[in-house]
2 protein chains.
Amino acid sequence: MTPNETLVYNLLRQTDTPLSAYSILDALRDQGVRAPLQVYRALNKLIERGAVHRIESINGFVACSLTNCGERAVSIFMLCTKCERAAEFTDPAIDQKIDALANARLFAADHKVIEMTGLCASCRDS
Amino acid sequence: MTPNETLVYNLLRQTDTPLSAYSILDALRDQGVRAPLQVYRALNKLIERGAVHRIESINGFVACSLTNCGERAVSIFMLCTKCERAAEFTDPAIDQKIDALANARLFAADHKVIEMTGLCASCRDS
DNA sequence: CCGCCATTGTTATTTTATAACATAATCGGA
DNA sequence: TCCGATTATGTTATAAAATAACAATGGCGG
Ligand SMILES: [Zn+2]
Ligand SMILES: [Zn+2]
Ligand SMILES: [Zn+2]
Ligand SMILES: [Zn+2]
């Protein structure tokens, strides 16, 4: 892991809310990260190796909170619109059903995304 | 449906590849649409009523190809990276399993996204 | 006719991501 | 050791996507 990747990864692991690339940049500016590309390059490498996930629906990035999240099964994210926390899960049964749907259509999937937005358990009653 | 919404919706129905808001703008410029906001406003209204879907992973928009796609079940998109076509499906069993996962976590979902990228049936052999 | 409200139009700005190019560090073989 | 290739970095500029702020229009009910 290169220095820039380490900086980005350690920052992401400290939070359970997705960060935008530019907020990562701001947070790391005093540690030598000065340009968006430095952040995006680090993020892309981290994503490639499964250490970080991109949250498509909010243009954010989170560290993977599961072990061995590599391409085994799709990650399912629950994104709270109030506290902004992201919770990551996998569900082999759902994954298998999605694969079956793709196979039935002869679609060769190389990346799968499942995201939900709504209110988390602690935000829904308050 | 307002004039701008009609323009955007009719354009989206003519294609099976997702369009970006700015390519919609370009296509409708000679019909009086001049600013991004006119497109985004129309898109938001169309999305609200389920006539159009946003494809999160590519910042694109497609007309719904199913009947009564309203909030009943989640839409599942297969996005070909070669021909760029988007195919939309629903699968009640998958939808039910995702709801069960959310319920088990006490998460109140108001929007669900499932997207796959890869090669479609016709592009994978060629 | 008048006030209300939804729709539209316009300019400017913010946010997100990449292009293009230059530089430095690393590493393996001649 | 020297060289060439690859990999990582840094920098500036630009493209792409989305929204803010504000003004003007156009029905429509009273
Ligand atoms: Zn993960
Ligand atoms: Zn919450
Ligand atoms: Zn649909
Ligand atoms: Zn295809």
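Chain A is the first sequence line, chain B the second, and so forth, proteins listed ahead of strands; every chain is numbered from 1.
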Does Tyr9(A) share a hydrophobic cluster with Leu11(A), counting links as ILVMFWY side-chain heavy atoms below 4.5 Å and allowing steps through other members?
yes
Assert yes or no for the condition that the ring centre distance of Phe61(A) to His53(A) is strictly below 6.0 Å.
no
Give a yes/no on whether any side-chain N or O of Thr2(B) is located under 4.0 angstrom from OP1 or OP2 of dT8(C).
yes
Across all chains, not counting sequence neighbours, the side-chain hydrogen bond (donor to acceptor under 3.5 Å, both in side chains) partners of Asp26(B) are Arg29(B)
List in numerical order all residues of residues 52-59 of chain A for which some heavy atom is under 4.0 Å away from an atom belonging to DNA chain C.
Arg54(A), Asn59(A)
Can you find a pair of side-chain heavy atoms, one from Thr6(A) and one from Asn10(A), that are under 4.5 Å apart?
yes
Do NZ/NE/NH1/NH2 and the carboxylate oxygens of Arg54(A) and Glu115(A) come within less than 4.0 Å?
no
Heavy-atom contact window of chain B on DNA chain D, given 5' to 3' at under 4.0 Å
dA17(D) to dA21(D)
Derivation and outcome, side chain to side chain donor-acceptor pair (under 3.5 Å), residues Ser75(A) and Glu88(A):
CA-CA 6 Å; Ser75(A) 284; Glu88(A) 178 181 1; 2.8 Å; yes
Decide whether Phe77(B) and Phe89(B) are clustered together by the hydrophobic rule: side chain heavy atoms of Ile, Leu, Val, Met, Phe, Trp, Tyr closer than 4.5 Å, transitively.
no
A quick test of your reading: do over 12 heavy atoms of other residues, nucleotides or ligands sit less than 6.0 Å from CD of Glu56(A)?
yes
Is any side-chain heavy atom of Leu106(B) closer than 4.5 Å to one of Arg124(A)?
yes
Side-chain heavy atoms of Ser57(B) within contact of Leu79(B), under 4.5 Å
yes
Please list residues of residues 16-43 of chain B whose heavy atoms come under 4.0 Å from any atom in DNA chain C, ordered by number; otherwise none.
Arg34(B), Ala35(B), Leu37(B), Gln38(B), Arg41(B)
Sequence-distant partners of Arg41(A), salt bridge (charged side-chain N to carboxylate O under 4.0 Å, His left out), two or more places apart:
none
Count the heavy atoms belonging to other residues, nucleotides or ligands that lie under 6.0 Å from CD of Glu84(A), then report whether that count exceeds 12.
no
Determine, for nucleotides 22-28 of chain C in 5'-to-3' order, which nucleotides have protein heavy atoms under 4.0 Å from the base (write B), from only the sugar-phosphate (write S), or from neither (write -).
-------
